[in-house]
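Indexing begins at 1, ligand by ligand and atom by atom, following the structure's order.
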Amino acid sequence: MSANNLTISVAKGDGIGPEIMDAVLSIFDAAGVPLNYEVIGMGKSYYDQGYGNGMTPEAMKSIERNGILFKGPMETPKGKGVKSINVTARKVWSTYANRRHFRSIEGVDTVYSKAGIPIDITVIRENIEDTYGGIEHMLSNDVALSRRFITRQGCQQVIRFAFEMAKKEGFKKVTCGHKANIMKLTDGLFLEVFYEMAKEYPDIQADDVIVDALCMKLVQYPQDFEVVVLTNLQGDIVSDLCAGLVGGLGFAPSTNVGDNISIFEAVHGTAPDIAGKNIANPTSLLMSGIMMLRHLGLLKEARDIEGALLYTIESGVHTGDFGDRSTPSVDTTEFANAIISNLGKMPENVNLRKTSDRSDFHLPNRPKAQKVMIGEPAEVEIVGVDLFFQSEKQADQLAEEIKAKLPDSMELVSLTNRGTVVWPNGSVYTECSTGYGARIKGEGLTKEDYWAATAQLNSVVKVSSTEFLNIIDGQRAYSLGQGK
Ligand code: NAI
C-alpha cells in the first residue's frame with residue numbers, strides 16, 4: 001500500500017508546539033505531501049479540562065484508527081498524581097523502539113565540525129521497560145526501592161528493530177551498549193539476546209561496549225559508531241550525549257516505533273520561556289516529520305524536504321537559538337518560508353542517500369486482544385527465597401533471631417544490606433541502612449513452605465517483600481550478594 005491520501009493524527013501540543021507544528025505542516029503542504037491530518041485534542045489544557053490521561057476519547061480513537069501520531073511537545077502538569085502523557089503514550093501503545101538520529105549539519109558549528117570530524121550516529125533505545133516502568137515503593141521512611149524489569153521479548157523487539165533498520169538502510173555496524181558486568185541478569189539478558197540475534201544478520205558487524213566506556217568513546221571517537229542499541233535509561237542518557245555532539249536537542253529527531261502505532265515527535269520540550277513569540281526553531285519537529293514520511297514510504301517528499309532544510313541551514317539562515325550570531329536570526333515563519341523557497345535544492349556538503357520515490361507502508365490492523373508475549377518453555381526449580389525487611393538491629397543479632405524462627409528444613413545463607421553481604425563474615429566498615437535482605441534456602445520445598453516461614457519471620461522483622469530463588473533450565477537465576 002502507498003501512503004497516498006493516508007490520514008494521520010496530529011496533536012499540536014503545548015507551549016511552542018502549535019507554532020512549530022504549523023510551520024512544519026506549511027512545509028509539508030508546499031512539498032505536496034499526500035497526507036490528510038486529523039487534528040486531535042491532547043496535552044496540558046486537556047488535563048486542565050478534566051481528562052485524566054491528557055487526551056479526549058476522540059483523540060485516542062483517532063490515534064488507534066490511524067496508527068500514526070505526529071505530535072508537538074506536551075507539558076506534564078506538576079503534581080505527584082499525574083504521569084507524563086509522553087511516556088504514557090509510548091507505553092500504552094507499545095512503541096518499543098525509540099530511534100534518534102544525530103548527524104553533523106553544515107551551518108551548525110560544534111567542536112567536531114570545526115575539527116572536521118563527521119558524526120552520523122543512530123541511537124535505538126528500548127522504550128517500555130527498565131526503571132521507566134516507574135515501579136517504585138518506599139519500604140520505610142528511609143528506604144526507596146525501584147524494580148527494573150527487562151524481558152527477553154522486550155529485548156528481542158528492540159534489537160530486531162535495530163538490525164532490521166541497519167539492514168534496510170545500509171548500515172554496516174550495530175553496537176550494543178550495556179552494563180552487564182554489574183547487572184548480570186538484566187543487562188546480561190539484553191546482551192545475550194543481542195548476540196543471539198546478531199547471528200541472523202551475518203553481513204552486519206555486531207559488537208558491544210560497557211556503557212560508561214561507550215560515553216567516553218562517543219566523545220573521543222564519535223566517527224567509529226553507526227547504530228547503538230541500549231536499554232531504556234542508558235539509552236536516554238546516551239541519546240542526549242549524542243545530541244550534544246551535533247549541537248543540541250534542536251537537531252535530533254525522534255521516533256517511537258511499534259508494531260501497530262508509531263509516534264513522531266521533537267525531543268525538546270514546550271519551551272515555555274519563548275512560547276507565543278514565533279521565534280522557536282522547528283528543525284527538530286521537521287526532522288521527526290521527515291522520519292515519519294520515510295516510515296510511511298513517502299521517500300521522495302522526505303528527500304526533497306530534507307534537502308531543502310539542510311540547504312537552508314547551510315546557507316546561513318537560522319533561528320535565534322543556533323548559527324552565526326553575527327548575522328540576524330529569522331523567526332519561525334520566516335525559517336519555514338526559507339525552506340519552502342529552497343524546495344528542489346540540495347545541500348553541497350551532505351550526501352543524501354539515493355532511494356526510490358516510494359516504499360511500501362503497511363497500515364497495521366487493530367489487535368483483537370492484548371498480546372501476551374510467551375517465550376520457550378523452561379524448567380523452573382525453586383531453591384530458596386530472598387526476603388527483604390526493615391530492621392534497626394545489627395546483622396549478627398538479626399541472624400540469630402531469624403535462625404531461631406526458621407524451620408529445620410531451611411537455612412539462613414546470608415544477610416545483605418544494599419546488596420553487600422553483612423553476615424556471615426561481614427566487615428565492620430560496611431555501613432548499613434535499615435533495609436536488609438535475608439537469603440534463605442531449602443531443598444525440595446514449595447512456595448507455600450517459604451510463605452509460611454516468611455509469616456513466622458514477620459514477627460521478628462518487618463518483611464516488605466519476597467523474591468524466590470530459581471534455577472531455570474539448570475542455571476542459577478539470581479544474583480549473588482556483593483562479597484560472595
Ligand atoms: P525545553 O526543551 O522545553 O526547554 C529547554 C530550553 O531549550 C529552553 O531554554 C527553551 O527555550 C529551549 N528550546 C527548546 N526547544 C526549542 C526550540 N524548538 N527552539 C528554540 N529553543 C528551544 O525543556 P524544559 O524547560 O525542561 O521543559 C518544558 C516542558 O516541556 C515541561 O513541562 C516538560 O515536561 C515538557 N517536555 C515535553 C517533552 C515532550 O513532549 N516530548 C520532552 C521534554 C520536556
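Sorted by first and then second residue, the side chain to side chain donor-acceptor pair (under 3.5 Å) pairs with a member in residues 149-159 read Glu129-Thr151, Arg152-Glu192; sequence neighbours excluded.
Because its NZ or CZ atom is both nearer than 6.0 Å to the ring centre of Tyr132 and within 45° of the ring axis, Arg125 counts as a cation-pi partner of that residue.
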Exercise answer: donor-acceptor pairs, residues 211-223 side-chain atoms, under 3.5 Å, sequence neighbours excluded:
unit_1 : atom_1 : unit_2 : atom_2 : d
Asp212 : OD1    : Lys179 : NZ     : 3.4
Asp212 : OD2    : Lys179 : NZ     : 3.1

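A salt bridge (Lys or Arg N to Asp or Glu O under 4.0 Å) with Lys173 is found for one member of Asp207, Asp224, Asp203 and no other, namely Asp207.
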Checklist entry - Does the side-chain contact (heavy atoms from CB on, under 4.5 Å) test come out yes or no for Ser329 and Thr319, once each step is laid out? => result CA-CA 5 Å; Ser329 59; Thr319 46; 5.5 Å; no

What are the distances between nitrogen or oxygen atoms of ligand 1 and protein nitrogen or oxygen atoms, counting only those under 3.5 Å?
unit_1   : atom_1 : unit_2 : atom_2 : d
ligand 1 : 2 (O)  : Gly269 : N      : 2.7
ligand 1 : 3 (O)  : Gly269 : N      : 3.4
ligand 1 : 3 (O)  : Thr270 : N      : 3.1
ligand 1 : 3 (O)  : Ala271 : N      : 2.7
ligand 1 : 9 (O)  : Asp273 : OD2    : 3.0
ligand 1 : 11 (O) : Asp273 : OD1    : 2.8
ligand 1 : 11 (O) : Asp273 : OD2    : 3.0
ligand 1 : 15 (N) : His268 : ND1    : 3.3
ligand 1 : 18 (N) : His268 : NE2    : 3.2
ligand 1 : 18 (N) : Asn281 : O      : 2.9
ligand 1 : 19 (N) : Asn281 : N      : 2.9
ligand 1 : 30 (O) : Thr270 : N      : 3.0
ligand 1 : 30 (O) : Thr270 : OG1    : 3.3
ligand 1 : 40 (O) : Lys71  : NZ     : 3.4
ligand 1 : 40 (O) : Met74  : N      : 2.8
ligand 1 : 40 (O) : Asn86  : OD1    : 3.1
ligand 1 : 40 (O) : Asn86  : ND2    : 3.1
ligand 1 : 41 (N) : Glu265 : OE1    : 3.3

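Partners of Ser62 by side-chain hydrogen bond (donor to acceptor under 3.5 Å, both in side chains), not counting sequence neighbours, listed by chain and number: Ser9, Glu38, Asn66.
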